[in-house]
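What follows is one structure encoded as structure tokens, with my remarks underneath.
In what follows, chains are A, B, ... by sequence order, proteins preceding strands, each numbered from 1. In this text, all values refer to a predicted model and were calculated from it rather than measured experimentally.
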Number of protein chains: 2
Amino acid sequence: MGRRIRQADIALKLGISQATVSVVLSGRAGRDIAISPELRDLVLFTARDMGYHADPVARSLAGGRNRLLGVFTFEPVFPVGQRDFFHPFLLGIEQEAEAQRYDLVLFTSATDGAGRRSIYGSGTNRLRLADGGLLLGLAPDREELARLVREQFPFVFIGRRDVHGAGLSYVAADYVGATASLVGELIALGHENICLVTGTADLEPTVDRKTGFVRAHDLAGRTVRPASVWEVEPAGIGPAELLSRRDQGVTAYAVEGAADGELVGAFLAAAAQADLAVPDDVSLVVLGDVDEDGVAQRCTRFAVQREEMGRRAVRLLIDKLEAEDPSEVSRVTVPCVAIPGDTVGVRRDPRPTATPPRARPAVRPPRPRPGPTDQPAKRPSS
Amino acid sequence: MGRRIRQADIALKLGISQATVSVVLSGRAGRDIAISPELRDLVLFTARDMGYHADPVARSLAGGRNRLLGVFTFEPVFPVGQRDFFHPFLLGIEQEAEAQRYDLVLFTSATDGAGRRSIYGSGTNRLRLADGGLLLGLAPDREELARLVREQFPFVFIGRRDVHGAGLSYVAADYVGATASLVGELIALGHENICLVTGTADLEPTVDRKTGFVRAHDLAGRTVRPASVWEVEPAGIGPAELLSRRDQGVTAYAVEGAADGELVGAFLAAAAQADLAVPDDVSLVVLGDVDEDGVAQRCTRFAVQREEMGRRAVRLLIDKLEAEDPSEVSRVTVPCVAIPGDTVGVRRDPRPTATPPRARPAVRPPRPRPGPTDQPAKRPSS
DNA sequence: CCTCGCAACTCATGCGCATTAGTAACCGGA
DNA sequence: TCCGGTTACTAATGCGCATGAGTTGCGAGG
């Protein structure tokens with residue numbers, strides 16, 4: 001009594017071999033391997049009768065599948081706290097997993113010292129407990145990703161991430177296309193001198209925005225001057241900088257947006273201080289997502305379809321698991337959706353510096369937030 | 001190329017046996033089994049050098065440990081919506097797990113048809129992927145729990161749950177003591193006819209409140225009349241019922257409280273309609289927890305220390321894992337904390353029915369909620 | 001009557017690790 | 001010289017399952 005029941009127990013009871021039990025229980029009976037329907041049913045019945053439940057560990061080790069997808073986040077999400085940036089991804093993942101009748105396994109790890117989470121942290125790759133993995137989070141150790149690929153572990157990264165020399169499968173938002181589209185709109189409205197404001201990190205999302213920025217100009221037969229790209233920390237955006245750019249002819253800005261809208265907040269604050277009205281004096285498009293109650297509510301912008309990305313990632317992973325060659329690289333790009341706002345207008349030449357300030361209300365940061373300098377570290381944009 | 005590295009690979013490279021590698025890597029070298037320090041260091045170095053990482057699956061199958069605790073919730077937690085009832089438990093669990101340098105694995109399962117989640121749902125007990133399990137949630141299939149016990153899987157349930165014939169380990173809130181204490185307060189204030197209002201379900205938390213109610217009376221040398229226990233659905237609490245009880249001499253109520261305060265809300269609404277002021281006409285204690293912005297803000301009540309319970313559960317489980325006999329039953333009771341309110345007063349005899357309504361403000365439900373009839377299904381009280 | 005072919009199963013092996021019962025080598029004491 | 005006792009390591013086995021290569025029995029075709 002007390003021990004759990006194995007296939008061997010069933011086999012013994014029926015006087016057949018463990019292999020037969022395995023074949024029947026894994027549903028290969030009749031199709032792949034011939035088993036008489038009577039025996040098949042008998043085994044099935046006996047298994048149920050004896051209360052058999054497969055051991056997922058043994059199944060994994062023997063190369064079988066458990067219909068289990070591992071989810072690993074490089075950012076803290078466990079236990080899934082308040083709705084944060086990653087929450088919609090998880091929602092989408094769960095939806096699709098449930099639809100596909102896969103179960104999920106969410107991993108936590110004690111952050112390894114400096115608050116970073118690592119897959120291999122504790123000496124073992126726990127992801128292997130699942131059939132495949134879904135990874136997300138901002139700045140994972142790329143070496144870990146590369147190693148996962150090398151070890152042929154089937155996984156999909158959510159968010160574009162290129163790892164040198166490793167064919168990484170991912171689901172990414174189309175930042176390039178969305179940026180090109182918004183910037184194209186500005187160009188169509190007559191803006192000739194547009195400034196791209198991005199963070200200073202060299203992550204893919206930022207690179208993508210630059211690429212889209214250039215593409216929009218290419219399409220319009222323009223060229224981008226180096227001065228048009230402003231890589232800056234939020235604290236570096238002040239009224240003086242904006243006025244100086246105004247004097248150099250800048251009539252529109254495309255500002256990188258992330259979950260917290262740091263850059264956007266800083267920009268709006270600076271514009272208000274410089275008494276530059278949006279969109280009358282400068283037009284503004286925000287390249288990316290914004291928190292629901294965030295700073296850039298009224299901005300013309302685009303949103304990342306996070307739930308959809310989660311769903312697509314699950315499908316991609318399952319396809320991979322069911323493919324002959326799970327090491328094949330697969331990538332999906334999910335379009336962003338445009339969100340209309342009221343921060344874009346036709347180009348209007350700058351007023352001379354001397355003109356007295358008008359009272360026409362500009363878009364301002366909703367609440368007087370703490371200065372940009374107080375802001376915490378960067379937030380993800382996927 | 002590309003294959004992951006096994007102990008055998010290290011052994012081969014060093015010209016030693018896999019067993020030696022295993023012994024060294026599991027830290028038994030020198031202590032349990034003699035290995036020369038030089039070889040030990042060499043193995044350690046080579047393992048790191050070759051990028052060895054243990055396979056948790058193989059380790060489990062061979063009976064080893066992975067420092068992994070499984071968490072399974074019978075209610076939907078993944079992804080957790082807004083901060084819900086179970087969130088604090090998870091927080092506590094995570095804290096303690098991190099402190100003990102254990103990792104967590106959170107399982108989701110596609111709800112099996114009727115929205116119920118089940119451990120054995122998908123034909124395999126996925127919990128086995130971890131070294132042990134923490135289970136929580138309202139109304140699990142008791143048979144599943146019993147089976148887990150039978151199969152000697154080490155786990156701890158959070159919340160008291162007795163399963164017939166199975167020695168279940170759990171961490172529970174002391175509903176009995178907390179109830180006895182609050183009701184004892186009422187008695188001390190002169191109340192002689194106190195009514196216990198509970199839900200109709202026969203779950204342990206409800207039973208515990210009844211027990212505590214009786215105990216308080218015992219301690220005071222009183223006996224509880226059957227009429228003093230009112231098992232009722234929220235919809236069944238109306239002004240007429242309260243007035244009738246008032247006429248029978250009831251001067252105080254002890255109402256079972258759960259996360260959503262359904263019963264409490266219904267009671268307060270009915271009291272307001274019946275023009276019974278709290279605490280002037282009737283005293284009220286709430287037996288249990290209340291949502292932060294819930295209905296019973298000002299009520300005299302007690303709270304369950306959910307985070308603490310989570311922490312204790314982790315410790316209990318780890319103890320169990322490290323014990324010789326993991327099948328030993330272990331139980332912990334965590335006291336509740338009293339929360340003062342303004343709904344309790346000394347006994348005052350009821351006014352005659354004919355007295356005109358006064359304007360003295362009673363405690364009322366903060367917002368005019370939808371009638372109790374519209375409320376969704378019951379919510380957990382652990 | 002002797003194959004051939006197919007249906008119905010079984011044998012044997014391995015997944016990567018932990019563990020128990022060894023064995024071989026060496027050393028000191030009598 | 002022989003022996004008991006260490007020290008340092010290895011052989012072998014099993015965990016529970018999946019899987020590919022058999023093996024057996026039997027009816028049909030030549």
Length of the line joining B:Glu38:CD and D:dC9:C1', which is rounded to integer Å: 14 Å

Protein-nucleotide distance (B:Ile16, atom CD1; D:dA11, atom C1'), rounded to Å: 14 Å

Derivation of the side-chain hydrogen bond (donor to acceptor under 3.5 Å, both in side chains) call for A:Thr108 and B:Glu94: CA-CA 9 Å; A:Thr108 337; B:Glu94 193 193 28; 5.2 Å; no

Protein-nucleotide distance (A:Ile33, atom CD1; D:dA21, atom C1'), rounded to Å: 10 Å

Ring centers of B:Phe155, B:Phe157 separated by less than 6.0 Å: no

Distance in angstrom units between A:Gln152 CD and C:dC15 P, rounded: 15 Å

Minimum-distance nucleotide to A:Ala19 side chain [options: D:dT19, C:dG16, D:dC17]: D:dT19

Under 4.0 angstrom between B:Arg28 side-chain N/O and C:dT19 OP1 or OP2: yes

A:Arg6 vs D:dG16: side-chain N/O to OP1/OP2 distance below 4.0 Å: yes

Nearest listed nucleotide, side chain of B:Ala34, among D:dA8, C:dT19, C:dC15: D:dA8

B:Arg147/B:Glu144 salt bridge by N-O under 4.0 Å criterion: no

Lys/Arg-Asp/Glu bridge criterion (N-O < 4.0 Å) met for A:Arg142, A:Glu204: yes

Distance in angstrom units between B:Arg128 CZ and D:dC15 P, rounded: 14 Å

Sugar-phosphate, base or nothing in reach of A:Leu25, heavy atoms under 4.0 Å: nothing

First of B:Ile5 and A:Ser36 reached from the 5' end of DNA chain C, by closest nucleotide: A:Ser36

Between D:dA18 (C1') and A:Tyr52 (OH): distance, integer Å: 11 Å

Sugar-phosphate, base or nothing in reach of A:Ser22, heavy atoms under 4.0 Å: base

Sugar-phosphate only, base, or nothing, as touched by A:Ala54 at under 4.0 Å among non-hydrogen atoms: sugar-phosphate

Under-4.0 Å salt bridge between A:Glu328 and A:Lys320: no

Candidates C:dC9, C:dG16, D:dG16 - which lies nearest the side chain of A:Ile35: C:dC9

From D:dT19, D:dC9, C:dC11, nucleotide with atom closest to B:Leu39 side chain: D:dC9

Any A:Arg59 side-chain N or O less than 4.0 Å from OP1/OP2 of D:dA18: yes

Closest nucleotide among C:dG16, D:dG20, D:dT10 to the B:Ala58 side chain: C:dG16

Of the listed nucleotides D:dT10, C:dC17, C:dT20, the one nearest the side chain of B:Thr20: D:dT10

Residue that, paired with B:Arg126, satisfies side chain to side chain contact (heavy atoms under 4.5 Å, CB included) out of A:Val105, A:Asn66, A:Val57, A:Leu68: A:Leu68

Atom pair distance, as rounded to whole Å: CG in A:Asp9 and C1' in D:dC15: 13 Å

Spacing of B:Arg40 atom CZ relative to D:dA8 atom P, expressed in whole Å: 13 Å

5' precedence on DNA chain C between B:Gln18 and A:Gly63 (nearest-nucleotide basis): A:Gly63

